[in-house]
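To start, the structure under review is shown below, and the notes come after it.
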2 protein chains.
Amino acid sequence: MAPQQEPASSALHVSTLDRGSPVPLYFQVAQHLERAIEAGALPRGTRLSNEIELAGELGVSRPTMRKAMEYLVGKGLVVRQRGVGTRVVSPKVRRSLELTSLFDDLEAIGQRPTTQVLSNTIEDATAEMAELLGIAKGTPVVSIARLRSALGQPIACLTNYLSASRISLPTEALESQGLYQLLRRSGIQLHSATQVIGARSATAAEARMLGEGKGAALLTMQRTAYDDHGTVVEYGNHIYSGARYSFHMSLLSI
Amino acid sequence: MAPQQEPASSALHVSTLDRGSPVPLYFQVAQHLERAIEAGALPRGTRLSNEIELAGELGVSRPTMRKAMEYLVGKGLVVRQRGVGTRVVSPKVRRSLELTSLFDDLEAIGQRPTTQVLSNTIEDATAEMAELLGIAKGTPVVSIARLRSALGQPIACLTNYLSASRISLPTEALESQGLYQLLRRSGIQLHSATQVIGARSATAAEARMLGEGKGAALLTMQRTAYDDHGTVVEYGNHIYSGARYSFHMSLLSI
DNA sequence: CAGTGGTCTAGACCACACC
DNA sequence: GTGTGGTCTAGACCACTGT
């Protein structure tokens, strides 16, 4: 028997499980527990019943229950220790894990950032572009430059290259939605990306564009995105106003 | 039959599987496949045999084989599609996923970055420290300032706060190994961390310390690390020379 | 249609933590 | 010890992709 609290199986109603649904059982179970945790029904540090009991209560097999648990562990909501049990992570940590960028924050308060397309052309790849995209020099490349603003102030200047053969990117679409959103809707499956984040002083032109003084600190990011086949989908070179933007991220199981 | 290449089960010798070993079977299988992939035995785009066949060849059950596959998918080494099969991703992408920081790069070429402890004191938490660490004001706090250099040049200035009750951090230890390494060896289990990366201009003092001109662009990072119980283990406020450092990272399944 | 990965089940044994 | 999560097995059915 636990000294402080006995394992709380708690108010987990089986009713919400739908075996006819196309959404997997383990996922329904996971969402079930997730909602219970987020709703505060299972306070910080609560020890869940063991997976056999839980499986029994919810009417699923143990492997299914385990898969649900693994999902929750992966999301950082619970911690498991062999021989000990499963405990609910503190809500403070859980909230901090819902990583938000400034753009997300702005959206949340109804201040949708605006995007102005500065240029959207197709040109033959220079040696540098070809190198970055892993294609032959001279191949047509889509080159985009966008200016992101929020609250009436410019925040970032984004330049991107894509292999022209892959997709067409209408300027109107680029003004209303993100590049990655567009790519995904075009059926391009992204596999991974690598990025480099740095800082440098703005040139005169950059400072003017972002409404900063000359020599202001810029946050820079270069990103290369790959699809499942290992070919480069997109290369981006972005600069952000250091005064008005920062990257927020969270790391799990470090 | 595949038009270009038939599924290659390939040179997978069962010999290396050791059922008596404490390392799980699925992990041995995964490592097995990983080595085969990295060694180039399974070139980019190779379709693996289906998991039932593979399981049979290696003498494990299908669930075990699946778990190995899930591990490889998680590492970004293979891509799976229902109804299609499992393909090996391009070595270029795989290499890009082995994220390296500049510090790692330096270590790789034998240029171990040096750490100079500027201060290592225990003081009562100010209101700000208390807020950051989630403790009461006035509680003793370990406060550390370190200067990281490489190739004879300063690169970063790291300041950290930790609850003093948790651990003692000898200055000598801090000069020879990283803070996180020390924490882990002290049995502190890290759960997650959140960080904010930004850019700003250096103050005169900061510029002097990092060997830069006044107003040079700095890369900044604030990080809060939590343990399994949801309590703050560490808060760090770091500044990096924008000219000499940048963050490298990779994203999977975006 | 055949072949693939995705899901689910019912059992078993083991390693570990705590008492 | 007892109880926990971690691993492994053998089998089944389904959803999706390609032909």
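Proteins come first, then strands; the chains are lettered A, B, ... in the order of their sequence lines, and each starts at number 1. Given the structure is predicted, the values throughout are model-derived calculations rather than measurements.
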Please state how far atom CG in Leu48(B) lies from atom C1' in dG5(C), giving the value in whole angstrom units. 13 Å
Quick one: Arg80(B) CZ to dG3(C) C1', roughly how many Å, whole number? 13 Å
With respect to the phosphate group of dC18(C), does any side-chain polar atom (N or O) of Arg47(A) fall under 4.0 Å of OP1 or OP2? no
Starting from P on dG3(C), measure out to CD1 on Ile52(B) and report it in whole angstrom. 12 Å
Whether the side chain of Arg62(B) and the base of dG6(C) hold a donor-acceptor pair under 3.5 Å is what I'd like checked. yes
Using whole Å, report how far CD of Glu70(B) lies from C1' of dT7(D). 14 Å
Ignoring the backbone of Pro24(B), work out which of dG5(C), dT7(C), dT7(D) is nearest its side chain. dT7(D)
Does the distance from a Lys or Arg side-chain N to an Asp or Glu carboxylate O, for Glu38(A) and Arg94(A), drop under 4.0 Å? yes
Please figure out whether Val60(A) or Val84(A) has its closest DNA chain C nucleotide nearer the 5' end. Val60(A)
Rounded distance in Å - CD (Gln28(A)) to P (dT7(C)): 12 Å
Output yes when at least one side-chain N/O atom of Lys67(A) is less than 4.0 Å from OP1 or OP2 of dC8(C), else no. no
Under 3.5 Å, side chain of Gln28(A) to main-chain N/O of Val23(A), donor-acceptor pair present? yes
What is the separation between atom CG on Leu58(B) and atom P on dT9(D), rounded to the nearest whole Å? 11 Å
Return the 5'-most residue of the pair Met65(A), Glu51(B) with respect to DNA chain C, ranking by each residue's nearest nucleotide. Glu51(B)
Under-4.0 Å side-chain N/O to phosphate OP1/OP2 contact, Tyr26(B) with dT7(D): yes
Do any side-chain nitrogens or oxygens of Thr64(A) fall under 4.0 Å of OP1 or OP2 in dT7(C)? no
Using OP1 and OP2 only, check whether a side-chain N or O of Asn50(A) sits under 4.0 Å from dT4(D). yes
How far apart are the closest heavy atoms of Val141(B) and Tyr161(B), and which atoms are they? CG1-CB, 4.0 Å
Is any side-chain nitrogen or oxygen of Thr86(A) closer than 4.0 Å to OP1 or OP2 of dG5(D)? yes
Rounded to the nearest 0.5 Å, how far apart are CG of Leu162(A) and CD1 of Ile188(A)? 7.5 Å
Among the nucleotides dT4(D), dT7(D), dC8(C), which one has an atom lying closest to any side-chain atom of Arg66(A)? dT7(D)
Looking for any heavy atom pair under 4.0 Å, which part of the strands does Pro63(A) touch: base, sugar-phosphate only, or nothing? base
State yes or no: are the ring centers of Phe27(B) and Tyr71(B) separated by less than 6.0 Å? yes
I need the CG-P distance between Leu25(A) and dC13(D), as an integer number of Å. 17 Å
Run the side-chain hydrogen bond (donor to acceptor under 3.5 Å, both in side chains) check on Asn237(A) and Arg223(A) step by step: do they pass? CA-CA 7 Å; Asn237(A) 194 336; Arg223(A) 173 152 58 186; over 6 Å; no
Where the side chain of Arg82(A) is concerned, which of dA10(D), dT9(C), dG5(D) is the nearest nucleotide? dG5(D)
Arg19(B) CZ to dC8(D) C1', in whole Å, measures 8 Å
